[in-house]
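Taking it in order: structure first as structure tokens, then the write-up.
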Amino acid sequence: KQLIQKINMLKLIKKSILIASLLPTIAFAQEETATMKFKFEDKNPSGKVFIRYNLYGPYITDSIQVAKIPVEFKIAAKNPTQVTISYSKDGKADKNTVLADVRTIYVENGTATISIKDSIKTASITGMPIADKYEHYLRHIKPSEDQFAIIKNEYDALTNEQRKDLTYTKPIFAKQDELAQVRKKLISEYIVENPNSLFSTHGLRGIYHLLTPQEFDRLFNTLSIENQNSSVGVMLQDFLKASKIAGIGQMAPDFTQNDVNGKPVKLSDFRGQYVLLDFWASWCAPCRAENPNVVKAYNQYKPKGFTVLGV
């Protein structure tokens, strides 16, 4: 009997040690959790709230019925995390439904209270400092966002047939190109003025393809060391290396890729010709709209040694 009591006591001690050893881990996990609590002014709200996150990986989508109390999400947030939230008063909506009431926010460790009066877009967010910093960034680039909304509305108003006609789409695409330069200028200014901001890093991630290697290098080195060494900063370092290899004025790196018949095609085989490398996608409307112009240029200048490699 005494032996059994001693064994039980040892088991209890081991269990206590195990629980004690887990406490720091549990506390650490709690410290890395972002909680989003939704409050509705409507006393009897209905529908669903959706969230989507994991910006640079496979998106994670979740939803919750508004009638369920409390209406809140908890996600792991080791680092500040971008979350797209949307609200549908129609309870039949699912994760594949395209919703108009959408907003992007940033969350981090802690609790954000999202108070909704009429729309997610106009909801107030309290208790989350990173959300305030993101709003500061959005205010800086607002002129380009406003112009983008106007251009998007113009394109959305076109019929399917009109979207295939350059007469309608070319002026819109020209406006997009002009807007890209406006966005580049605004974000570049923000980076110079806010080198320690997380959103300087994310902003540079959004415009690097518009920069020359020299501009890219200058803006990247404007960032704080902490931002340069962040996960997005490391990604930017790889992009910067690539831009220096294939930037304007640099010899294009050689590559080999099979054509539609499975035959290997090597870029260096075309040395001595004028070669247009045309990177495009079948789902890209501007790419498809430009295809006839590429074919026209090819037919016009082929006798002078011009060719096109479409990737």
Side-chain angles (χ1 to χ4, degrees), residues 52 55-56 59 84 86 96-100 102 104 141-188 202-213 215-216 239 242-243 245-250 252-263 265-267 269-270 273-311:
R52 189 176 71 164
L55 179 61
Y56 297 120
Y59 277 117
T84 299
S86 53
N96 296 316
T97 305
V98 178
L99 300 173
V102 181
T104 297
I141 65 170
K142 189 175 185 298
S144 67
E145 297 300 294
D146 291 344
Q147 290 181 48
F148 175 78
I150 293 172
I151 295 172
K152 183 178 183 300
N153 288 338
E154 286 184 30
Y155 185 80
D156 290 344
L158 298 179
T159 65
N160 288 334
E161 288 302 313
Q162 288 173 333
R163 291 177 186 179
K164 299 175 184 177
D165 188 340
L166 284 175
T167 305
Y168 295 95
T169 58
K170 193 170 183 178
I172 295 177
F173 296 152
K175 291 179 183 179
Q176 286 181 329
D177 291 340
E178 292 175 6
L179 179 57
Q181 295 306 312
V182 173
R183 185 176 179 83
K184 169 186 168 181
K185 180 177 182 294
L186 290 171
I187 293 178
S188 296
H202 284 277
L204 184 55
R205 170 69 177 80
I207 64 167
Y208 79 91
H209 61 288
L210 301 172
L211 304 171
T212 65
E215 290 172 328
F216 192 176
F239 294 155
S243 74
I245 293 173
I248 296 172
Q250 302 297 317
D254 198 14
F255 68 88
T256 302
Q257 185 170 322
N258 289 348
D259 64 13
V260 293
N261 298 314
K263 179 183 176 182
V265 177
K266 195 173 184 180
L267 176 61
D269 290 342
F270 297 86
Q273 298 184 56
Y274 299 101
V275 181
L276 169 64
L277 275 178
D278 184 22
F279 294 88
W280 64 285
S282 58
W283 48 260
C284 171
C287 302
R288 297 298 294 269
E290 190 65 20
N291 283 349
N293 295 327
V294 174
V295 174
K296 181 179 178 181
Y298 171 74
N299 290 329
Q300 182 177 354
Y301 296 107
K302 180 182 179 181
K304 297 183 179 181
F306 174 73
T307 192
V308 180
L309 287 183
V311 180

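All of these numbers come straight from a predicted model, not from anything done at the bench. Computed from heavy atoms alone, side chains included, the values below leave out hydrogens, waters and symmetry copies.
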Output the distance between atom [atom1] ([X]) and atom [atom2] ([Y]), rounded to the nearest 0.5 Å.
X: Gln162; Y: Ile172; atom1: CD; atom2: CD1; result: 9.0 Å
X: Leu158; Y: Lys164; atom1: CG; atom2: NZ; result: 13.0 Å
X: Leu179; Y: Phe173; atom1: CG; atom2: CZ; result: 14.0 Å

My understanding is that only residues two or more places apart in sequence, or in another chain, count here; which of them pass ring pair (Phe, Tyr, Trp, His ring centres under 6.0 Å) with Phe216?
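So Phe216 forms a ring pair (Phe, Tyr, Trp, His ring centres under 6.0 Å) with Tyr208.
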Under the side-chain contact (heavy atoms from CB on, under 4.5 Å) rule, what do Asp146 and Ile150 come out as? Steps first, then yes or no, please.
CA-CA 7 Å; Asp146 291 344; Ile150 293 172; 5.6 Å; no
Going by side-chain hydrogen bond (donor to acceptor under 3.5 Å, both in side chains), name the residues that satisfy it together with Lys152, two or more places apart in sequence or in a different chain.
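Partners of Lys152 under the side-chain hydrogen bond (donor to acceptor under 3.5 Å, both in side chains) test: Asp156.
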I need the minimum non-hydrogen distance between [X] and [Y], along with the two atoms involved.
X: Trp280; Y: Gly310; result: NE1-CA, 4.2 Å
X: Ile207; Y: Lys184; result: CD1-O, 4.0 Å
X: Pro213; Y: Ser243; result: CG-O, 3.3 Å
X: Leu204; Y: Ile187; result: N-CG2, 4.2 Å
X: Val294; Y: Asp278; result: CG2-OD2, 3.9 Å
X: Ala252; Y: Leu267; result: CB-CD2, 4.0 Å

Residues which pass side chain to side chain contact (heavy atoms under 4.5 Å, CB included) with [X], listed by chain and number, not counting sequence neighbours:
X: Ser86; answer: Phe50, Leu99, Val102
X: Pro253; answer: Ile245, Ala246
X: Asp165; answer: Thr167, Tyr168

List the atom pairs, donor and acceptor, that lie under 3.5 Å between side-chain atoms in residues 301-309 and the rest of the protein, sequence neighbours left out.
residue, atom, partner, partner atom, Å
Lys302, NZ, Tyr298, OH, 3.4

Above 12 or not: heavy atoms from other molecules or residues under 6.0 Å from OH of Tyr274?
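Counting other residues, nucleotides and ligands, OH of Tyr274 stays at 12 neighbours or fewer.
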CZ of Arg288: more than 12 outside heavy atoms within 6.0 angstrom?
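At most 12 heavy atoms, drawn from other residues, nucleotides or ligands, come within 6.0 Å of this atom.
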Salt bridge Lys142-Glu145, side-chain N to carboxylate O under 4.0 Å
no
Does any N or O in the side chain of Asn261 come within less than 3.5 Å of the main-chain N or O of Lys263, such that one atom is a donor and the other an acceptor?
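Answer holds: no.
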Kindly indicate, with the supporting measurements, whether the criterion side-chain contact (heavy atoms from CB on, under 4.5 Å) is fulfilled by Thr256 and Lys266.
CA-CA 4 Å; Thr256 302; Lys266 195 173 184 180; 3.5 Å; yes
So, do Lys175 and Glu154 sit near enough that their side-chain heavy atoms are less than 4.5 Å apart?
yes
